[in-house]
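Here the structure is laid out as structure tokens; the discussion comes afterwards.
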Amino acid sequence: MTLPRHDPALATWGFTEWMRAGKAAHEVYDDVPILEDASDAVITVDGRRMVNFASIGFLGWQHHPDVLAAFASACGSYGLVTGGSRITQGINRPHRDVESLLCEITGRERALTFASGLLANFGFVHAMTTRFSFNGQTDMDNTDAVLVLDRDSHWSMWKAADRLRRGENLFSFPHNDVAELRKILEQLDGRKVVVGFETVYSSDGSIAPVREIVDLCEEFGALSFADDANGFMVYGGGEPRFAEEYEALRRATFLMVSFSKAVGLEGGALMGPADAIEAMEYTSGTSMFTASIQPPTAAAIAHVLRRMSTDRTEISGYLDRVDALREQLTAVGCEINATPTYITSIKVGSDETAERMRQQFADRGFLVPVFRYPAVRKNHAVIRLLLNNRLSKEQLADFVATLADLKREHGF
């Protein structure tokens with residue numbers, strides 16, 4: 001039996017026309033790259049070797065023999081799946097090991113792991129703004145809570161807040177604008193408020209004024225939620241770069257982290273006061289109704305966390321390489337983000353130019369991510385670089401030379 005290619009009822013939804021128009025205008029890719037080998041500093045796409053600036057596992061722990069050995073050993077002990085959500089069957093020992101390590105590293109009372117950072121963010125917003133009762137008598141009702149977000153907060157936070165009403169229990173402040181945040185908190189004084197922000201923002205590499213935001217939250221009796229998906233295990237822990245911000249981060253009420261960046265694996269976690277985090281096993285939804293991280297992945301995460309907690313040489317050397325790359329980009333005339341985090345964005349401007357450059361980079365053997373609308377405002381496109389630590393000096397030099405050529409051609 002052959003199923004019909006198109007359900008006639010779909011005709012009014014606009015998918016076909018939208019995709020055709022998007023591809024004709026080069027706003028939608030013809031297809032996503034299909035990797036024929038592991039995600040690494042150099043990958044194979046359609047039989048071609050490409051230098052990869054798009055991988056978010058930038059330190060390469062996922063390729064380290066000791067990490068692979070920890071994963072393989074846990075496969076033998078725990079298998080490949082959790083077998084259900086943590087409430088229905090429970091979790092494996094590696095999950096608890098990760099949660100305990102997170103508390104040691106961040107100074108939080110309790111941690112809760114999720115299959116991804118996105119699920120952690122969704123779960124947090126739901127848990128903080130919902131009503132829940134087990135027996136109809138003990139009722140926790142936070143439907144009157146207010147969420148205040150930095151406007152550049154991740155899509156997962158904004159999407160999770162879809163059911164909230166702007167101007168009633170959902171507010172935003174201009175990116176990193178503490179003065180505007182104060183005005184909003186003055187307006188909301190006396191209500192249950194959560195202020196959400198990222199530590200390191202993925203589109204432009206900017207960093208939050210963490211101390212000022214946390215100070216304001218404490219002044220007005222608001223809770224603070226920091227999305228540290230990008231900065232976790234990169235900054236803090238004795239790293240001198242942005243030490244003030246990461247020292248203040250220890251005062252944030254709640255913390256979300258991702259394991260897909262510096263740790264190089266998959267999953268995320270929420271941390272905070274013990275009672276609140278334990279309640280989120282039930283109220284987040286994304287813990288109760290879906291499975292957690294694969295057990296061997298959790299074991300590998302625990303291995304990397306132990307390594308990075310006791311030895312900072314890997315990340316320190318990496319950040320030195322990022323600083324050197326930023327100097328090279330500036331030397332060829334690129335306008336890069338002012339905040340020297342490891343996320344480097346190169347201003348392009350025109351969405352059309354940015355897309356043409358992405359294709360030209362690919363033709364020359366470089367997979368380079370371009371952020372354009374809707375990831376950023378129209379015609380505010382940037383090249384967003386994450387330096388992979390496994391790239392050689394020669395590969396980086398070839399990239400900078402190619403970038404300089406394209407910059408001269410397009411005049412951005």
Side-chain angles (χ1 to χ4, degrees), residues 81-92 94-103 106 108-136 138-149 153-165 169-170 192-199 217 222-229 232 252-260 265-295 297-298 301:
V81 297
T82 55
S85 73
R86 56 194 295 144
I87 297 298
T88 55
Q89 178 179 273
I91 54 175
N92 296 102
H95 297 98
R96 183 62 79 205
D97 290 344
V98 169
E99 291 167 358
S100 297
L101 284 166
L102 289 172
C103 291
T106 67
R108 285 350 191 253
E109 290 182 349
R110 193 177 178 99
L112 178 62
T113 50
F114 294 80
S116 71
L118 182 146
L119 289 174
N121 275 353
F122 264 69
F124 176 80
V125 174
H126 187 267
M128 299 301 289
T129 59
T130 194
R131 178 177 180 176
F132 197 94
S133 176
F134 286 109
N135 54 20
T138 305
D139 189 11
M140 181 179 66
D141 187 353
N142 290 317
T143 54
D144 59 341
V146 179
L147 183 63
V148 182
L149 295 178
S153 291
H154 192 264
W155 175 89
S156 57
M157 290 294 287
W158 284 109
K159 187 61 180 176
D162 260 358
R163 62 189 177 85
L164 303 181
R165 297 175 300 279
N169 56 356
L170 177 62
K192 288 189 287 193
V193 177
V194 183
V195 176
F197 61 95
E198 293 184 46
T199 51
C217 289
L223 303 177
S224 50
F225 171 83
D227 176 336
D228 196 31
F232 178 59
T253 316
F254 295 102
L255 183 68
M256 191 283 285
V257 300
S258 167
F259 304 126
S260 61
L265 296 161
E266 294 177 347
L270 290 175
M271 288 158 278
D275 288 346
I277 297 299
E278 186 175 5
M280 288 180 190
E281 292 191 353
Y282 301 91
T283 59
S284 68
T286 52
S287 176
M288 178 183 285
F289 295 111
T290 191
S292 189
I293 305 165
Q294 280 188 305
T297 299
I301 291 168

Query raised in the report: Mind checking what makes ring pair (Phe, Tyr, Trp, His ring centres under 6.0 Å) contact with Phe225, not counting sequence neighbours?
Result: Phe124
Query raised in the report: For the atom pair CG (Leu118) and CE (Met256), what is the distance rounded to the nearest 0.5 Å?
Result: 8.5 Å
Query raised in the report: Can you name the ring pair (Phe, Tyr, Trp, His ring centres under 6.0 Å) partners of Phe289, sequence neighbours left out?
Result: none
Query raised in the report: Nearest 0.5 Å, what's the CD1-OG1 distance between Ile91 and Thr113?
Result: 6.0 Å
Report summary line: Here the pair of heavy atoms bringing Arg165 nearest to Asn169 is N-OD1, 2.7 Å
**Report entry** 4.5 Å side-chain heavy-atom contact, Leu147 and Met128
**Finding:** no
Query - pair Cys217-Thr253: side-chain heavy atoms closer than 4.5 Å - result: no
Report task. Could you tell me whether a side-chain N or O of Ser284 sits under 3.5 Å from a main-chain N or O of Met280, the two making a donor and an acceptor? Result -> yes
Requested in this report: Please confirm whether the backbone N or O of Val195 pairs with a side-chain atom of Ser224, one donor and one acceptor, at under 3.5 Å?
Outcome: no
Query - Exercise: identify the closest heavy-atom pair between Ala226 and Thr199 - result: CB-CG2, 4.4 Å
Query - Test salt bridge (Lys or Arg N to Asp or Glu O under 4.0 Å) applied to Asp141 - qualifying residues, sequence neighbours left out - result: none
Query raised in the report: What distance do Ile301 atom CD1 and Ile293 atom CD1 have between them, rounded to the nearest 0.5 Å?
Result: 4.0 Å
Report summary line: Smallest heavy-atom separation, Thr129 atom then Ala145 atom, equals CG2-CB, 4.4 Å
Query raised in the report: Got a sec, which residues hit side chain to side chain donor-acceptor pair (under 3.5 Å) with Ser85, two or more places apart in sequence or on another chain?
Result: Thr88
Report task. Apply salt bridge (Lys or Arg N to Asp or Glu O under 4.0 Å) to Arg163 and list each qualifying residue two or more places apart in sequence or on a separate chain. Result -> none
Report task. For the pair Thr286 and His126, evaluate side-chain contact (heavy atoms from CB on, under 4.5 Å) and give the outcome as yes or no after the intermediate values. Result -> CA-CA 9 Å; Thr286 52; His126 187 267; over 6 Å; no
Query raised in the report: When rounded to the nearest 0.5 angstrom, what distance separates CD in Glu198 from OG in Ser153?
Result: 5.5 Å
Report summary line: Only one of Asn142, Asp139, Asp144 passes side-chain hydrogen bond (donor to acceptor under 3.5 Å, both in side chains) with Arg131, and that residue is Asp139
Requested in this report: Can you sort out the partners of Arg108 under salt bridge (Lys or Arg N to Asp or Glu O under 4.0 Å), two or more places apart, ordered by chain and number?
Outcome: none
**Report entry** Partners meeting side chain to side chain donor-acceptor pair (under 3.5 Å) with Ser260 (sequence neighbours left out)
**Finding:** Ser258
Query raised in the report: Can you name the closest pair of heavy atoms from Phe259 and Ala269 and give their distance?
Result: CZ-CB, 4.1 Å
Report task. Please report the shortest heavy-atom distance between Tyr282 and Phe132, naming the atom on each side. Result -> O-CE1, 4.2 Å
Query raised in the report: Is the side chain of Thr283 donor-acceptor paired with the backbone N or O of Ala279 at a distance under 3.5 Å, no angle test?
Result: yes
Query raised in the report: For residues 279-290, which residue pairs qualify under salt bridge (Lys or Arg N to Asp or Glu O under 4.0 Å), counting only residues two or more places apart or in two chains?
Result: Arg86-Glu281, Arg110-Glu281
Report summary line: side chain to side chain contact (heavy atoms under 4.5 Å, CB included) filter on Thr82, not counting sequence neighbours, yields Asn92, His95, Ala291, Ser292, Pro295
Query raised in the report: Is Trp158 close to Leu170 at the side-chain level, that is, under 4.5 Å between some pair of heavy atoms?
Result: yes
Requested in this report: Check the pair Phe254 / Leu270 against side-chain contact (heavy atoms from CB on, under 4.5 Å), numbers first and verdict last.
Outcome: CA-CA 7 Å; Phe254 295 102; Leu270 290 175; 6.0 Å; no
Query raised in the report: Can you name the side chain to side chain donor-acceptor pair (under 3.5 Å) partners of Ser156, sequence neighbours left out?
Result: Asn121, His154
Report summary line: Here the pair of heavy atoms bringing Ser287 nearest to Leu112 is OG-CD1, 4.1 Å
Report summary line: Across all chains, not counting sequence neighbours, the side chain to side chain donor-acceptor pair (under 3.5 Å) partners of Asp275 are none
Query raised in the report: Who passes salt bridge (Lys or Arg N to Asp or Glu O under 4.0 Å) against Glu266, sequence neighbours left out?
Result: none
